[in-house]
Amino acid sequence: MANIGLYIELKEGKSKKSNKETLSFAKKSGKAVYAVVFTNDVGPYLDELKGVKKVIQVKGDDLTYQPDFYADTMAKIIKDFDLEYFLGIFSAQARDLFPRIAARTEDAGLINDCLEIDLENNQVARPVYAGKLLCRYAIEDKIKILTLRPNVFPVEEGGAGDPEIATVDLVKSEPKIKILEVIKSEAKKIDLQEADVIISGGRGIKTKENFALLQEVADLLNAGIGASRAAVDSEYATYDMQVGQTGKVVNPKLYIACGISGAIQHFVGMKTSRVIVAINKDPEAPIFKKADYGIVGDLFKAVPLLKEELKAVL
Ligand SMILES: Cc1cc2nc3c(=O)[nH]c(=O)nc-3n(C[C@H](O)[C@H](O)[C@H](O)COP(=O)(O)OP(=O)(O)OC[C@H]3O[C@@H](n4cnc5c(N)ncnc54)[C@H](O)[C@@H]3O)c2cc1C
């Protein structure tokens with residue numbers, strides 16, 4: 001039985017929501033699961049890691065993300081623990097880290113942004129050309145390194161059995177990269193793929209400036225702000241806000257679509273939202289067939305009313 005490793009990505013000390021997907025996938029594979037966490041205190045993560053065979057705790061005096069240290073440590077773990085598969089979330093950090101891990105691991109192949117994975121038949125699928133094609137690959141290398149697109153793979157909560165814990169020291173090789181400064185975006189942007197609430201604007205929002213209307217509601221709900229491709233193409237919103245087939249797949253508890261018609265390519269990016277609210281002036285808009293709650297009306301009237309109501313109750 002081959003061993004499957006996975007990288008538990010942390011953000012500000014918390015396990016990222018999509019780790020649950022890689023974990024569920026790995027546990028369902030029937031292989032022995034090894035979860036790698038860079039932390040000096042593994043305690044807070046053990047509940048989530050029930051059911052894995054081994055937690056590999058990477059310790060160090062400074063565990064701030066450093067591409068060389070992380071990649072060298074991970075490559076060593078893959079070798080020492082005889083991991084045949086290694087998984088992670090296709091996150092911003094993974095885009096930087098996983099190619100480095102693959103390059104440092106002998107006989108390894110990497111496929112990023114997987115939408116489907118069939119380990120038995122060595123088949124993985126990922127979108128190419130901005131989602132216009134789905135390509136299937138088989139990795140011929142011995143070690144298969146894969147990142148999973150967030151919010152695509154099903155989550156199964158819980159797991160039986162406490163894992164064993166192994167500790168490994170962070171490999172502090174001679175760094176080839178020096179991080180001089182981390183510049184955070186000025187706007188308080190909430191990661192759409194982690195957000196519990198998202199309010200999105202479509203072509204109906206009409207201008208870039210009108211997104212400020214959505215921002216006011218977002219501030220009250222601690223929500224992320226999304227957009228349709230039409231809004232992005234019209235330069236009302238930036239690409240990192242795009243939800244859908246060629247944008248982000250999101251999975252919030254509440255998704256509020258404002259001035260979005262509900263095209264299939266948008267819907268595939270938000271269909272797993274627990275509650276969908278649509279505001280659209282066209283009663284025939286397809287979004288109403290998918291929404292749990294619908295407001296037929298002008299968003300420029302409905303959104304300010306929603307804001308006032310929220311202010312009153314929050
Ligand atoms: C290969 C491919 C990939 C694609 N990928 C994506 C993707 O990732 N994400 C995505 O979103 N789309 C994607 N699309 C585009 C998709 O097909 C639609 O064109 C797009 O989603 C439409 O965006 P929209 O709903 O904002 O615009 P429209 O379809 O133009 O709808 C605007 C809506 O706003 C309503 N409206 C207008 N004014 C108001 C108002 N004042 N108040 C209330 N409602 C109002 C209108 O009634 C209308 O329903 C893709 C298309 C292709 C071919």
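Whatever order the structure lists them in is the order used to number ligands and atoms, beginning at 1.
To the nearest 0.5 angstrom, His266 atom NE2 is 9.0 Å from Gln242 atom CD. Interatomic distance, Ile143 CD1 to Ile101 CD1, rounded to the nearest 0.5 Å: 12.0 Å. The line from NZ of Lys27 to CG of Leu49 is 8.0 Å long, rounded to the nearest 0.5 Å.
Considering all non-hydrogen atoms of both residues, Ile111 and Arg126 come closest at CG2-CD, 3.7 Å. The shortest non-hydrogen separation linking Ser261 to Pro286 is O-CD, 3.1 Å. Across Ala2 and Tyr85, no two heavy atoms sit closer than the pair CB-CE1, 4.1 Å.
Heavy-atom proximity to Gly244, at under 4.0 Å, picks out these atoms of ligand 1: 7 (C), 8 (O), 9 (N). Atom numbering of ligand 1 starts at 1 in the shown order; those under 4.0 Å from a heavy atom of Ser228 are 11 (O), 23 (O), 24 (P), 26 (O). Residue Asp298 has at least one heavy-atom neighbour below 4.0 Å for each of these atoms of ligand 1: 40 (C), 41 (N), 42 (N). Near Ala230, with a cut-off below 4.0 Å to any heavy atom, the atoms of ligand 1 are 22 (C), 23 (O), 24 (P), 26 (O), 27 (O). When each atom of ligand 1 is checked for a heavy atom of Val243 under 4.0 Å away, the hits are 7 (C), 8 (O), 9 (N), 10 (C), 11 (O). Close contacts between ligand 1 and Gly247 involve ligand atoms 8 (O) [criterion: under 4.0 Å to a heavy atom].
Across Gln265, Lys206, Met270, heavy-atom proximity to atom 17 (O) of ligand 1 is greatest for Gln265. Comparing Glu284, Gln242, Lys248, Lys301 against atom 7 (C) of ligand 1, the shortest heavy-atom distance belongs to Gln242.
With a 4.0 Å cut-off on non-hydrogen atoms, Ile287 does not touch ligand 1 at all. Only the side chain of Ala263 comes within 4.0 Å of ligand 1, judged by heavy-atom distances.
Ligand 1 has no nitrogen or oxygen under 3.5 angstrom from a nitrogen or oxygen of Phe300. Checked by distance only, ligand 1 and Gly202 stay at 3.5 Å or farther apart across all their nitrogen or oxygen atoms. Polar contact with ligand 1: present for Gly259 (N/O pair, distance under 3.5 Å).
Look at Gly297 and you'll find a heavy atom under 4.0 Å from some atom of ligand 1.
Counting heavy atoms from C-beta on, the side chains of Tyr7 and Ile145 never come closer than 4.5 Å.
Checked against the 6.0 Å centroid threshold, Tyr70 and Tyr65 count as a close aromatic pair.
No option in Leu6, Val124, Leu115, Thr22 other than Thr22 meets the side-chain contact (heavy atoms from CB on, under 4.5 Å) test with Leu148.
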